[in-house]
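Please read all numbers here as calculations on a predicted model, not as lab measurements.
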Amino acid sequence: MSSETQVIIETTQTTVDETLGQIMKSNTFKLANFGKNLIRRILTTSATTVSIGIVSVLAFTIYRSYKQPKSRMNSKSPVSLDSYVEPDIGKSKRTKEQLDEIQKRLDEFKLSDEILKQIMDILEAEMEKGLDRATHSEADVKMLPTYVCQLPTGKESNDILALDLGGSNFRVLYIRLRENEEPVIVNKVFIVSESIMKGTGEKLFSHIASCLYLFMKNHNLDMTRTYPLGFTFSFPCRQLGLSKAILLRWTKGFLCSDVVGEDIVATLQKYIDARGDIKVKVCVLINDTVGTVMSTAYYDRKTALGLILGTGTNACYIENIDRIGILDSYVDPDQKQMLVNTEWGAFGENGSIDFIRSRYDEEIDKTSINVGKQIFEKMVSGMYLGELVRLMILELIDRELIFVDEMKKNAYRHALFTKGSFYTKYLNEIETDSNTKFTRTKRILKELAGIENPSNEDCAVVKCICMAVTKRAAKLTSAGLAVILKRMNKAECTIAVDGSLFRYHPRMQAVCEKTLTNLVSSLNKFKIVLSTDGSGKGAAVVAAVAAENDPIFK
């Protein structure tokens, strides 16, 4: 070995030691030692530049892996709320009247624990109305039976296809389930154009069947065998069985004609069969919330509650069958519990929570395609939060409270003045921005409004608006979860969560955990877990169970 190579090895080993030293501080001593020994073995085997590159990747991977926070019952979120301090909106540079005008609008999004408990009482009453046959028709929260009565055991085994439709993208998946093995998942995302979303039902389901065929062909699946398919359909349905569901209404921007009131499973099966070139049987229809629960329960048997907080919002949970008064189809008498799909996005349609709605919530509803519908969803979900922020910014601009000089140069011609231009992802960036430099905020304002040099004080106002809007969303979501946790009254419960808003927002989980802790008894321990591919894998798990009793798959 040359002296130059020896120097490289010694230098690299020093770097490895320093990096892995950080890992050892994470209470992962044995794992860190394993990584260190593995890397040193590679070094002594080969001292080429390639091996050094491999060493660097290994060290970084191990370091990042074991630095990840572990979930704990009611543990403090890995993101500390202490770091989210509201910035100075210019108390020394604005008049008292200006500050009061700004604060008055921010205060429209504030919710005390007392108000949250009031909302909890209203929501619980609505849930009871939804479960009771006598009052179900007038309930906002429909509490729909799912006919999913058993959580997975982890022993499910089959080759499954799955569809996941719940927004402007939809996925086709192939999932290979085997006992004691990690599921193998292959998927492809297809686009649902706006013309399809607002066209005919025939256009939508023909498109889905066509994409399913392309997926099977491109992945060389056996076209001679019949595959069971689980369909995650994330829209309000009246479920009459695992494979029979009547669409109640469209949400999330969909408005396809001739589908509401129809059996979604039968409709999809019709268009699949009409092709004649694939053999697929739709075994189950679930929504994304049920899929999230089932996917997480595949690993964690304490999972009993699922939350979606993304483009839309919903929750489902395990309810005692004897409390589901609206069940009118056969249920195995041996089953005592069933997952119930709350469809809580519609909460407030009867005006019951108007007292907490802001002027901006009312404006969003007035200009939506479903006026008076999905009131709760319009206050908490990712589809609307960016627009809430945009509307408040525009009002403050109009009242000459922010960006006064900048707007005189812009003549209202930029994207900021277009509905839907303030994407929810901007809230994530702005809320993690520095309270002194506002680099990200300034970049976004330049992109959206052509503002070249906004003051830090005006940027601070924008950040405070974002924080107020998302904090309210987190608190309202937590109030809903608290109602369900109290209703189930389990000593320990894992809450499975999916959805881009919850997953990517920097403090959503932290606010939810803190609020939940304040609202529920210390006897009801909870753990929030991000679900991995709930809508795909969850549908596959349910379909695998159904296929075991279907002779067509034998």
Side-chain angles (χ1 to χ4, degrees), residues 123 126-148 163-167 170 192 196-202 204-205 208 231-270 282 284-292 306 308 310-317 319 324-329 338-352 365 368-378 381 383 480 535 539:
L123 176 58
E126 281 297 316
M127 290 170 67
E128 289 288 357
K129 284 171 64 177
L131 289 169
D132 191 326
R133 186 182 295 273
T135 55
H136 177 77
S137 62
E138 62 190 60
D140 289 343
V141 184
K142 289 300 184 185
M143 306 296 287
L144 305 172
T146 67
Y147 293 86
V148 176
L163 292 175
D164 174 17
L165 177 65
F170 86 96
V192 182
I196 293 177
M197 291 171 68
K198 297 180 180 178
T200 63
E202 179 182 2
L204 172 65
F205 287 99
I208 292 173
F231 189 13
T232 298
F233 186 75
S234 304
F235 302 91
C237 289
R238 183 183 177 211
Q239 199 100 16
L240 300 176
L242 271 178
S243 58
K244 187 175 180 65
I246 308 301
L247 178 65
L248 297 178
R249 62 184 174 192
W250 288 112
T251 58
K252 305 177 188 177
F254 278 74
L255 210 59
C256 297
S257 61
D258 305 320
V259 184
V260 173
E262 297 297 319
D263 180 356
I264 296 301
V265 174
T267 302
L268 175 60
Q269 190 70 59
K270 180 177 75 171
V282 187
V284 299
L285 183 142
I286 62 174
N287 72 2
D288 51 356
T289 324
V290 173
T292 295
I308 295 293
T311 304
T313 185
N314 196 12
C316 73
Y317 71 101
E319 180 62 275
I324 308 175
I326 55 175
L327 273 177
D328 55 8
S329 297
M338 179 185 292
L339 279 173
V340 167
N341 168 26
T342 66
E343 289 297 340
W344 75 7
F347 178 42
E349 289 183 5
N350 63 359
S352 61
D365 184 43
S368 69
I369 64 172
N370 55 347
V371 179
K373 304 296 183 182
Q374 300 298 108
I375 297 300
F376 185 70
E377 183 168 89
K378 288 171 181 172
S381 73
M383 187 171 183
S535 52

### Message
Can you tell me if Glu349 has over 12 outside heavy atoms packed within less than 6.0 Å of its CD?
### Response
yes
### Query
How many angstroms lie between CG in Asp140 and CD in Gln374, if you round to the nearest 0.5 Å?
10.0 Å
### Task
Answer yes or no: is there a side-chain heavy-atom contact under 4.5 Å between Phe254 and Val192?
yes
## Note on the structure
By salt bridge (charged side-chain N to carboxylate O under 4.0 Å, His left out), Lys378 pairs with (sequence neighbours left out) Asp365
### Message
Do Phe231 and Val265 have side chains that approach each other closer than 4.5 Å (heavy atoms only, starting at C-beta)?
### Response
no
### Query
Does Thr313 use its side chain to pair, donor to acceptor, with the backbone of Ile308 at less than 3.5 Å?
yes
### Query
Do Thr135 side-chain atoms and Lys129 backbone N/O form a donor-acceptor pair below 3.5 Å?
yes
### Message
Looking at every non-hydrogen atom in both residues, tell me the closest pair between Leu285 and Ala245 and how far apart they are.
### Response
CD2-CB, 3.7 Å
### Query
Do Cys237 and Asn287 touch side chain to side chain, with heavy atoms closer than 4.5 Å?
no
#### Entry: Rounded distance [0.5 Å steps], CD in Glu319 versus CE in Met127
7.0 Å
### Task
Check for a donor-acceptor pair, side chain of His136 on one end and backbone N or O of Leu131 on the other, with a separation under 3.5 Å.
no
## Note on the structure
With sequence neighbours left out, the residues meeting side-chain contact (heavy atoms from CB on, under 4.5 Å) with Thr146 are Val148, Val290, Met338, Leu339, Asn341
### Message
Between Leu247 and Thr267, is the side-chain contact (heavy atoms from CB on, under 4.5 Å) condition met? List the steps.
### Response
CA-CA 11 Å; Leu247 178 65; Thr267 302; over 6 Å; no
### Message
So does Gly312 get a backbone contact from the side chain of Glu377, meaning a donor-acceptor N/O pair under 3.5 Å?
### Response
no
### Query
According to the salt bridge (charged side-chain N to carboxylate O under 4.0 Å, His left out) rule, which pairs have a member within residues 233-245, sequence neighbours left out?
Arg238-Asp328, Lys244-Asp263
### Message
I'd like to know if the side chain of Thr342 and the backbone of Ala315 have a donor-acceptor N/O pair within less than 3.5 Å.
### Response
yes
### Query
Which atom names give the shortest non-hydrogen contact between Arg249 and Phe235, and what distance separates them?
O-CB, 4.2 Å
### Task
Find the distance between CE (Met383) and OG (Ser368) and round it off to the nearest 0.5 Å.
9.0 Å
### Task
Kindly give the heavy-atom pair with the smallest separation between Pro145 and Leu327, and that separation in Å.
CB-CD2, 3.6 Å
### Task
Keeping the roles fixed (side chain from Lys252, backbone from Ser234), state whether a donor-acceptor pair exists under 3.5 Å.
yes
### Task
With side-chain contact (heavy atoms from CB on, under 4.5 Å) as the test, would you mind laying out the steps for Val259 and Leu204 before giving the verdict?
CA-CA 10 Å; Val259 184; Leu204 172 65; 5.7 Å; no
### Message
List the residues meeting ring-ring contact (aromatic ring centres under 6.0 Å, His included) with Phe347, not counting sequence neighbours, and say none if there are none.
### Response
Phe376
### Query
Should Ser243 and Val284 count as side-chain neighbours, where that means a heavy-atom distance under 4.5 Å?
no
### Task
Determine, step by step, whether Glu126 and Asn350 satisfy the side-chain contact (heavy atoms from CB on, under 4.5 Å) criterion, reporting the C-alpha distance in whole Å, the side-chain angles of both residues, the deciding distance to 0.1 Å, and the verdict.
CA-CA 10 Å; Glu126 281 297 316; Asn350 63 359; 3.1 Å; yes
#### Entry: Those residues that, when tested against Lys270, pass salt bridge (charged side-chain N to carboxylate O under 4.0 Å, His left out) (two or more places apart)
none
#### Entry: Those residues that, when tested against Phe205, pass ring-ring contact (aromatic ring centres under 6.0 Å, His included) (two or more places apart)
none
### Query
Any donor-acceptor pair under 3.5 Å linking the side chain of Gln239 with the backbone of Gly241?
yes
### Message
So does Gly201 get a backbone contact from the side chain of Asp258, meaning a donor-acceptor N/O pair under 3.5 Å?
### Response
no
